[in-house]
Chemist: 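The following block contains the structure, expressed as structure tokens.
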2 protein chains.
Amino acid sequence: MSFGPETIIQGDCIEAMNALPEKSVDLIFADPPYNLQLGGDLLRPDNSKVDAVDDHWDQFESFAAYDKFTREWLKAARRVLKDDGAIWVIGSYHNIFRVGVAVQDLGFWILNDVIWRKTNPMPNFKGTRFANAHETLIWASKSQNAKRYTFNYDALKMANDEVQMRSDWTIPLCTGEERIKGADGSKAHPTQKPEALLYRVILSTTKPGDVILDPFFGVGTTGAAAKRLGRKFIGIEREAEYIEHARTRIAQVTPIAPQDLEMTGSKRAEPRVPFGVIVENGLLHPGDTLYCAKGAHAAKVRPDGSIAVGDLTGSIHKIGAMVQSAPACNGWTYWHFKTDAGLAPIDVLRAQVRAAMPHA
Amino acid sequence: MSFGPETIIQGDCIEAMNALPEKSVDLIFADPPYNLQLGGDLLRPDNSKVDAVDDHWDQFESFAAYDKFTREWLKAARRVLKDDGAIWVIGSYHNIFRVGVAVQDLGFWILNDVIWRKTNPMPNFKGTRFANAHETLIWASKSQNAKRYTFNYDALKMANDEVQMRSDWTIPLCTGEERIKGADGSKAHPTQKPEALLYRVILSTTKPGDVILDPFFGVGTTGAAAKRLGRKFIGIEREAEYIEHARTRIAQVTPIAPQDLEMTGSKRAEPRVPFGVIVENGLLHPGDTLYCAKGAHAAKVRPDGSIAVGDLTGSIHKIGAMVQSAPACNGWTYWHFKTDAGLAPIDVLRAQVRAAMPHA
DNA sequence: TGAACTGCTGAATCAGATA
DNA sequence: GTATCTGATTCAGCAGTTC
């Protein structure tokens, strides 16, 4: 089954997800409710004789109900997720611990917890606690064995001034223009997330064209960011009013042109060039000598693309590791050849071969 | 019962806590095993081996076994805690969700989760995830009705440059001189916490003279910080070797008057504003064109904050240097974007983002 | 004397394709 | 499923040495 680029479903998210085909979505982003409905039931103002056991029981019942709900929607979510897909869940200390345990118990494998560090949080007015200045996101693959989840490491590193992206993200709250307002000017949704947060989630863990499912769609931040970034989305939401806001909002989003979606790619994704091809193409010749950067080691190129140091023969990687007594070695950067300007890594020859290859 | 100012008990923490009188301590700080589940060896890019936490005390058979252990020590801890006392537990995503659920289920009432944001975390060497740059602390009172927990609001605010203390704390790792070393110069304990972290915990949630219990005492960071701040402590630790280090260490601590205490690490590290954030926040869009001041060079913005001039892609700084054939370039001042009033340097956009982040 | 440089290290669930 | 091979991958801070 393939989805249209924009799907919004009104209804209960568990039923709606169970109606979707299994293993059909690439990423799930979920911002579940965390109204534990505590306080009212548990507060006993008379305070005359608080039975501690009863207190715990009440609390347990309430937490148990939330846990049951959490496990049910997570289970439904896991069914529709592709085996190489991943899930994000956002929450606060009220619910995130319970969500995290359910995520782990259902077989997801946590990859990171990520902190959304708010630049402009609401202060704690009473001065009774630390200002609650962050929320927590859990990023998990479908299972421990699912090693092929999407992570655009190089693009994220580029987006962070060429330093690898950390697990704490500093992003402002959703305010001002971006905040969706109702007819009376009041905020349309109590917990609208900033689009910058979703931008980073989607940029880091999906590819263009991927299908993103949001079971608690609200006013459609996930949909807006997905559309902007050329991803498909499925949003599920119970409240007709939120859906109305979401539709209006998403209709106004202009997608980035496909050719402008291109980002810094991974070296791992580049086509493999065996060292033998360098020799085959005459960029090096059998009998030529390779050197390590300091010239301490020298190796001879052989016709089949292996190299020799004394009696030792093998691949550029193996021999490189052996002469250094290292557990591993990248021969492309370790070995150099002589040029007029001095030693140059053989990786430049590989780059020449790749440049001459037809674009895929 | 009253305790001496410094008590260290060797033994199992659950048995030792059960031997203490109930409702006798003011604060508990616990740094339990994290239940890391590591694969094989991890090599850095330079082929050196990461010194992993592979100690026997961190090994558990299953989540269920870890949960059982967690509930048992938390239950024992709750018994010895005064009704107006509080508990801190620190952990990572491997264990903190399970700890948090146990804390809630046992009747504690979470007041905050606090993020220890590390200035100098270990990077992710393989480029597979976000750098794991934080740990999470849970701060909880003994029960929901226990409103009289200690929180030194004004002192904390003062120590934080007159701004309310937030739930994310930026503090460096414990390294250098502070790190306790064994006879052979290697680290005495694999997970020693920075004293600055304990200062802040103790300063914010205890009064001078309070009794602080640490059931996983290790090399005694809690004891050292408690003594320095004029609090009593009880440390429980199984390993005789750790206790030996702790005693030596704590003996060298000179208590200081709280008013003389300078909050360590309270200066907020000003996060850089990477160019990717400008795009993320929609101040520029993928596909937009940047120009040098004279308009001779043009570059296209990409979704990850890299830019492209023809086939060349890279950061604003790198590409700026390349088009000028210069060794280096400040991309913020070199590249401009079109406005109604002509070209403006992209640095004005960075200023806008910074202005929107008063507490970044 | 100081700047520059080299080396080491920190709670880490850390690769991917092919045979 | 396992075994083998290619070859990609790090940031901040401290200590010790060199220039």
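The figures here come from the full heavy-atom set of this structure, side chains too, leaving out hydrogens, waters and symmetry mates. Residue numbers start from 1 in every chain, and the chains themselves are labelled A, B, ... in the order their sequence lines are given, proteins ahead of strands.
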Chemist: What contact category does A:K157 fall into here, base, sugar-phosphate, or nothing, at under 4.0 angstrom with non-hydrogen atoms?
Modeler: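 Counting heavy atoms under 4.0 Å across all strands, the contact made by A:K157 is with sugar-phosphate only.
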Chemist: Please examine the side chains of A:I90 and A:F29, heavy atoms only from C-beta on, and report whether any two atoms are closer than 4.5 Å.
Modeler: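 Heavy-atom side-chain distance check passes, below 4.5 Å.
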Chemist: Have a look at B:A131 and say if it touches a base, only the backbone sugar-phosphate, or nothing, with a 4.0 Å heavy-atom cut-off.
Modeler: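 Here B:A131 touches no strand at all.
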Chemist: Counting side-chain heavy atoms from C-beta on, which of C:dA12, D:dT9, C:dG16 comes nearest to A:D154?
Modeler: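 Ranking C:dA12, D:dT9, C:dG16 by closest atom to the A:D154 side chain puts D:dT9 first.
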Chemist: With the side chain of B:R179 defined as its heavy atoms from C-beta on, choose the nearest nucleotide among C:dC14, C:dG10, D:dC11.
Modeler: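 Comparing C:dC14, C:dG10, D:dC11 against the side chain of B:R179, the answer is C:dG10.
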Chemist: Convert the base pairs of DNA chain D into dot-bracket notation, remembering that pairs crossing earlier ones are written with [ ] and that bases paired across to another strand are shown as |; include only Watson-Crick or G-U pairs under 3.5 Å.
Modeler: .|||||....|||||||||
Chemist: Does OP1 or OP2 of D:dT10 have a side-chain N or O of A:Y153 closer than 4.0 Å?
Modeler: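 So the side chain of A:Y153 is within the cut-off, an N or O lying under 4.0 Å from OP1 or OP2 of D:dT10.
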Chemist: Go through C:dA11, D:dT10, D:dT9 for me and flag the one nearest to the A:N330 side chain.
Modeler: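 Among the listed nucleotides, the one closest to the side chain of A:N330 is D:dT9.
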Chemist: Would you mind building the protein contact string for nucleotides 12-19 of chain D? One character per nucleotide, 5' to 3', B for base within reach (heavy atoms under 4.0 Å), S for sugar-phosphate only, - for untouched.
Modeler: SSSS----
Chemist: Would you mind reading off the distance between B:K49 atom NZ and D:dT10 atom C1', rounded to a whole angstrom?
Modeler: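 To the nearest whole Å, that distance equals 19 Å.
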Chemist: For D:dT10 and B:N124 - does any side-chain N or O of the residue sit under 4.0 Å from the phosphate oxygens OP1/OP2?
Modeler: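 No.
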Chemist: Rounded to the nearest Å, what distance is computed from the NZ atom of residue A:K318 to the C1' atom of nucleotide D:dT6?
Modeler: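 A:K318 atom NZ is separated from D:dT6 atom C1' by 11 Å.
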Chemist: What integer number of Å spans the P atoms of D:dG7 and C:dA11?
Modeler: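 Result for the P pair: 34 Å, nearest Å.
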Chemist: Please confirm whether the shortest side-chain N or O distance from B:K126 to OP1 or OP2 of D:dT10 is below 4.0 Å.
Modeler: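 Checking B:K126 against D:dT10: no side-chain N or O falls below 4.0 Å of OP1 or OP2.
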Chemist: Regarding A:D161 and B:H317, is there a side-chain donor-to-acceptor distance under 3.5 Å anywhere?
Modeler: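 Short answer, no.
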Chemist: Would you call A:R148 and A:D83 a salt bridge, using N to O less than 4.0 angstrom?
Modeler: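 Salt bridge between A:R148 and A:D83, a charged N being under 4.0 Å from a carboxylate O: no.
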